[in-house]
Structures are given as structure tokens and as C-alpha cells.
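Notes follow once the structure below has been shown.
Remember, it's a predicted structure, so these values are computed and weren't measured experimentally. To find a chain, count down the sequence lines: A is the first, B the second, and so on, and within it residues start at 1.
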Number of protein chains: 2
Amino acid sequence: MRRDIFQAIADPTRRAIIALIALQAMTPNAIAENFNTTRQAVSKHLRILTECELVKQEQKGREIYYSLEIEKMKEVDQWLEQFRKIWETRFNQLDQLLSTIKKQKK
Amino acid sequence: MRRDIFQAIADPTRRAIIALIALQAMTPNAIAENFNTTRQAVSKHLRILTECELVKQEQKGREIYYSLEIEKMKEVDQWLEQFRKIWETRFNQLDQLLSTIKKQKK
DNA sequence: ATTATATGCAACTTTTCGGTTTCACAAATT
DNA sequence: AATTTGTGAAACCGAAAAGTTGCATATAAT
């Protein structure tokens, strides 16, 4: 089983779950109420999210509260970093081009 | 077919292809040389990347050069934005906590 | 003109994925 | 003690994905 964060966020339902529990910890039942699937399907998603450490649990009696392990999200951010560098370079090049054109107009 | 950027970057080979052609345009054959798969498999990945507009082609004779449509990568960046806000809030809270502790020490 | 090279596409196979159904178990409620 | 509630896990199913094989086409080289 692959189970990395990129595979985890590939599914739209999982992205929605992530967004949901980012704000506050929730039980599987409460999460499932927000979707058109069964509790079991949500439970399966939560297992996947847990497996790649995107989610943490806190047991309270028979209820289990799930919340987002927000630090893990930074892995995606780090991966994007290499492309952000390219954006910036391109932007600077464009910037230089524009100022060159400006100079020529004078 | 779903075909969104999150599904596209879920596959590790595709992420590698993206990183490769981000730096310079390459032909399918040249790309395939970097991996343990057949040219056809790479070709299929390129088609998927093209379908979700992550990649653009430029034909030169019988060769086709693929390069990254870097703007599209910003979609992931935008999605991360909501979590970045949470990071910053948490960070500020930690910051406040630390300065409170500092004050108490005095 | 013939051959080699670069590529895309379609058919097929195996694996993975997302969902449902069913069951088991533990905590809470009656 | 019996019942209800909250949950996880396994078995199964259909759909989609990833890879391989084979073929078609166009350009380049001989």
C-alpha cells in the first residue's frame, strides 16, 4: 500500500474531510453527516488519513474525535517550493522585460 | 473521468515527470529514459497531465517537447492557503504564549 | 524508395480504489 | 441485565487506474 499524503488528498471526499476537521475535532458520525456516504465509508477514509499521519485521534468515552495533523500538510507546501522558485524567476524576468520596454519608450 | 490536478499529482511517477519538465521541455523518449517504465506508460502519464492542463506541447519536426504549465500548479497552492492561515494562527498563539511566559519570568 | 525513429492510440490485464454490507466489540443508557 | 449507540474491521463488488503489447502514422535518414 502506497499511502502518502499526495495519494490521500487525491480524493475529493478526503479533501473535504480534511477541511472539515481542520477547524475542529469531530467524530466519524458527525463527519459522515456532512456527506452523502455511509459512516463506514468515512471511517475508511479516516483510516487512510491516519495511516499517512494526516489525522490524529482522541478518545472520549466511546466517541473518537478526529482532528487534522496540520504539520503534515506542510509536506505538500514543501513539494510546491521548487515550483514557487520557478514562478518567482519567471515573474522577475517579466518584470525586467517590462522595465526594458519602459526605458525604450522614453 | 475525474482528471483534476490532485489526482494528477497523486502518482509518484507523474510527480517526477512534472519536476523533470519544470526545468526544461523534454520529449517523451527523453523523459522515459529517466524511469523504469516503458515509453508508452510515460506517454499515458503525459496524456493525463495534458488533460488536466498541467502540461503543454510543442511540436518540432517529429519530436514533441513537453513542458510544465506552471500556472496550473498554483491551484494546489491556493488550496493550501486555507491551511496556511491555520499555521499562522497557531504560530501567533505560540508566540503570544512564549511572550507571556517571558513576562512572568521577569 | 526503403528503413529507422518518434510518437499516439486502442485493446487487454492486473491492481487499486471507493463504497456497501455485515459483523464484532465496547461504552452508555434504560 | 438488556438495549442502544459509536466505532472499527473484514468480505465483497463494480469502476477506475496503471501498465503492457501491438499497431498506425508521420517525419527523418539512408
Starting at atom [atom1] of [X], determine the distance to atom [atom2] of [N], rounded to an integer number of angstrom.
| X | N | atom1 | atom2 | value |
| --- | --- | --- | --- | --- |
| A/Glu51 | C/dT16 | CD | P | 14 Å |
| A/Gln40 | D/dA11 | CD | P | 16 Å |
| B/Glu58 | C/dT7 | CD | C1' | 16 Å |
| A/Arg39 | C/dC25 | CZ | P | 16 Å |
| B/Ile9 | D/dA17 | CD1 | P | 16 Å |
| A/Phe35 | C/dT20 | CZ | C1' | 18 Å |
| A/Gln59 | D/dT5 | CD | C1' | 14 Å |
| B/Gln7 | D/dA17 | CD | C1' | 8 Å |

Look at the side chain of B/Lys44 against the base of D/dG19 and say whether a donor-acceptor pair falls under 3.5 Å; ignore hydrogens and angles.
yes
With a 3.5 Å cut-off and heavy atoms only, can you find an N or O donor on one side and an acceptor on the other between the side chain of B/Arg62 and the base of C/dG8?
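No.
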Closest listed nucleotide, where the reference is the side chain of [X] and the choices are [options]:
| X | options | answer |
| --- | --- | --- |
| B/Ser43 | C/dG18, D/dT20, C/dG8 | C/dG8 |
| A/Tyr66 | C/dT7, C/dT20, D/dG8 | D/dG8 |
| A/Pro28 | D/dG8, C/dA6, D/dA18 | D/dG8 |

Below 4.0 Å: OP1/OP2 of [N] and any side-chain N or O of [X]:
| X | N | result |
| --- | --- | --- |
| B/His45 | D/dG19 | yes |
| A/Thr38 | C/dT20 | yes |
| A/Asn29 | D/dT5 | no |

Between A/Arg39 and A/Pro28, is there a donor-acceptor pair closer than 3.5 Å when you use the side chain of the first and the backbone of the second?
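No; judged by distance alone, with no hydrogens or angles, the pair does not exist.
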Would A/Glu81 and A/Arg84 pass as an ion pair if we require N to O under 4.0 Å?
yes
Using a strict 4.0 Å threshold on nitrogen-to-oxygen distance, state whether A/Glu75 and A/Lys72 make a salt bridge.
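So A/Glu75 pairs with A/Lys72 through a salt bridge.
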My understanding is that only residues two or more places apart in sequence, or in another chain, count here; which of them pass salt bridge (Lys or Arg N to Asp or Glu O under 4.0 Å) with A/Glu63?
none
Just call it for B/Glu63: base, sugar-phosphate, or nothing, with non-hydrogen atoms closer than 4.0 Å on any strand.
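Result for B/Glu63 = sugar-phosphate.
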Give B/Arg47 one of three labels, base, sugar-phosphate or nothing, depending on what nucleic acid heavy atoms sit under 4.0 Å from its own.
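Sugar-phosphate contact only - B/Arg47 comes under 4.0 Å of backbone atoms but never of a base.
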If you draw a 6.0 Å radius around CG in B/Asn36, do more than 12 non-hydrogen atoms from other residues or ligands fall strictly inside?
no
